[in-house]
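Comments concern the structure below.
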Amino acid sequence: MLVALVIDADGAGRWQKLLDDGTPAGPAMTASSPAAAVASLERAHRPRWVWADTSEVYPVLLAAGVRVDRCWDLHLTEALLLGAEGRHREPKELAGALARVLGLPAPADAGPAKKDDALTLFGPEPVVLPGDTDPLAALSLVFRSQQRNPALGLLIAAESASALVAAEMTHHGLPWREDVHNRLLEEVLGPRPASGRRPKLLQDLADQIQEAFGGREMNPDAPASIVKAFARAGIEVPSARRWVLKKVDHPAVKPLLDYKERARLWVAHGWSWLDTWVEDGRFRPDYVVGGVVTGRWASRGGAALQIPRLMRQAVIADDGWCLVAADASQLEPRILAALSGDPRLTEVCGDDDLYAALAEDSFKGERPRAKIAMLSAMYGGTSGEAGPLLAVLRKRFPVAVGYVEDAARAGEQGRMVRTRLGRTSPTPSAAWQELTGGADESGESSSSSRQAARNWGRFTRNFVVQGSAADWTAALLGVLRTRLPADAHLVFFQHDEVLVHCPRADADAVVEAIAAAGREATRLLFGETSVRFPMNAVPVTCYADAK
DNA sequence: GTGACTCGCGCC
DNA sequence: AAAGGGCGCGAGTCAC
């Protein structure tokens, strides 16, 4: 059963049953409390909820204690459909257009509203909605137009489920101990300084650095100032990057590298981060599903997907609870094996440590070289030893390497590529087309043209792997959220790892649910593949104790 | 003062 | 040793 739902500006809800094809199947109903209405329909029918934007609607329901099983997110779906049609649009433009069609408040960054508020629906057969179309009716019309590509059904379901997970994660929040975070900051930086002042330990280092440079004024926070200071000391450095400075022999280097490391924590995850992002023992970032072209999630606020390893010590389960930390080990090469069907790589995937097995197979047991070779194949690395290593890989795994090289060639020629579930790479910009479009009078393409082509090829090469890995994790999340014990909550997700917060007694059940979800994700994407996708899932009290 | 830009580094 | 994919974000810098 399908039910379309809008929550009006005054907080009232309206809903309407739809037939499978999206045609209204009953009268529009009104409810002063949408949450109560949703809860009751959910109990009775477990419908798939059709709504404009999960990130707008679902938090309202969650705040009222209501969870839903399934949804169809029109906004995310439209982006997927348009992409597959080669009609990628600016996401904010899409958000603005849909908001206007569906009567939602326009996002702040949506750009100017069109004077003419009659809107043409997207899709191959344009449907024009007058500006005064009732939003509930618009839901049904947009949903119907979105049945235009059945091949994307699984991707749409996974993306919509991801949106539910994201809202639930923000709702529950990641357990975060302010006292532990404060202790870590004091160890690294000294006591909290007055605002606008450097912490004591940083200031000490800054003084040492300046002294090493002969006492001349310089700012260790400004890369240009660092480069200039070394130049005055007779040392030319191309930049102030850590790996550049590491090679320099000068007394300022050691304190400078120490300064950079500590300052990074202060700036990115210091006291002001704590003040801003942690409340009542929970870190609640906004996750942005579909925020990355490849299908990975992005986040807004709090740099949620870049929590430094050190700070994971502050992520501690509540009393009597635990965190089950799980990650898919070496996900991307396994994805490549399954995508390409390379028999020898599939065999290598039989080992829990894929890189060790790869090293044994092809690199005289040298694991680091095996890893560089595989990463170069997936990322398009060219430098240093990547070339010869890649040649070895190509010889031993021609099917797998051929797969990514085909993707690279497609990109170089400006063609689109797709992930396993059908997410489509964007088409390169008009400027790119222009630049790579043709040869000059002498029949040669310019070096900048060739470079632009190669760059886009690296992007599409990686897109098929990274994006298909995102497909896999989206499927995993969608399955997992329906299989967790009632009190267990997904509280964190980062590309290929999840954290589940649950009562200790549920830990074993959660570990088993994660393993089962991994198997099911693999089956949904690849059917009966023999590629193994091992999940490490371990109950811990503190996130830092995982791995 | 604001906004766009670069740099550098955290995560996968 | 140091270069290949995807991000967010804050400081510094410079133009307006």
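Heavy atoms only: backbone and side chains are in, while hydrogens, waters and symmetry mates are out. Labels below follow one simple rule: chain letters A, B, ... track the order of the sequence lines, proteins then strands, and each chain is numbered from 1.
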Within the 4.0 Å heavy-atom criterion, would you say A:Arg309 contacts the bases, only the backbone, or no part of the nucleic acid?
sugar-phosphate
Separation of atom NZ in A:Lys228 from atom C1' in C:dT13, rounded to whole Å:
11 Å
Can you tell me the distance, in whole Å, between the CZ atom of A:Arg300 and the P atom of B:dC11?
23 Å
Are any of the side-chain heavy atoms of A:Phe533 and A:Phe526 separated by less than 4.5 Å?
yes
Taking only the side-chain heavy atoms of A:Lys247 (C-beta and beyond), determine which of B:dG8, C:dA11, C:dA2 contains the nearest atom.
C:dA2
A:Trp472 CH2 to C:dG6 P, in whole Å, measures 23 Å
Of all the choices, C:dG12, B:dG10, C:dG6, which nucleotide is nearest to the side chain of A:Pro308 once you look at every atom?
B:dG10
Give the nucleotide from the list C:dG6, B:dC7, C:dA3 with an atom nearest to the side chain of A:Phe459.
C:dG6
Parallel under 30°, tilted from 30 to 60°, perpendicular over 60°: which one fits the rings of A:His489 and A:His172?
parallel
When rounded to whole Å, the CG to P distance for the pair A:Leu390 and C:dA3 reads 17 Å
Closest to the side chain of A:Arg264, out of B:dG8, C:dG5, B:dC11, is B:dG8
Among the nucleotides C:dC7, C:dA1, B:dC12, whichever has the atom closest to the side chain of A:Ile372 is C:dA1
Looking only at B:dC12, C:dG8, C:dG12, the nucleotide nearest the A:Arg312 side chain is B:dC12
Calculate the interatomic distance between A:Leu245 atom CG and C:dA1 atom C1'; express it in whole Å.
16 Å
Go through C:dG8, C:dG6, C:dG5 for me and flag the one nearest to the A:Gln306 side chain.
C:dG8
Mind checking whether A:His181 and A:Trp273 have parallel, tilted or perpendicular rings, split at 30° and 60°?
tilted
Counting only side-chain heavy atoms from C-beta out, which of C:dC9, B:dG10, B:dC9 sits nearest to A:Lys260?
B:dC9
Hey, does the side chain of A:His269 reach the backbone of A:Leu265 with a donor-acceptor pair shorter than 3.5 angstrom?
no
From C-beta outward on A:Thr294, which listed nucleotide comes closest to its side chain: C:dG5, B:dC7, C:dG6?
C:dG6
Separation of atom CD in A:Glu332 from atom P in C:dG6, rounded to whole Å
12 Å
By the 4.0 Å heavy-atom rule, please label A:Val293 as base, sugar-phosphate, or nothing.
sugar-phosphate
With a non-hydrogen cut-off below 4.0 angstrom, is A:Gly291 in contact with a base, only sugar-phosphate, or nothing?
nothing
Does a distance-only test, which skips hydrogens and angles, find a donor-acceptor pair under 3.5 Å between the side chain of A:Arg296 and the base of B:dC12?
yes
For the side chain of A:Ser299, starting at C-beta, report the closest nucleotide among C:dA2, C:dG8, C:dG10.
C:dG8
Spacing between A:Lys371 atom NZ and C:dG5 atom C1', to the nearest angstrom:
15 Å
Within the 4.0 Å heavy-atom criterion, would you say A:Leu375 contacts the bases, only the backbone, or no part of the nucleic acid?
nothing
Nucleotide C:dG10, atom C1' - distance to CH2 of A:Trp271 in whole Å
17 Å
Only counting residues at least two apart or in another chain, list the ones meeting side-chain hydrogen bond (donor to acceptor under 3.5 Å, both in side chains) with A:Arg296.
none
Report yes if at least one side-chain N or O of A:Asn462 is closer than 4.0 Å to OP1 or OP2 of C:dG4; otherwise report no.
no
Just by distance, do the side chain of A:Arg367 and the backbone of A:Ala359 share a donor-acceptor pair under 3.5 Å?
no
Pick base, sugar-phosphate or nothing for A:Ala304, based on heavy-atom distances below 4.0 Å to the nucleic acid.
nothing
Stacking check A:Tyr379 vs C:dG4 (5.5 Å / 30 deg):
no
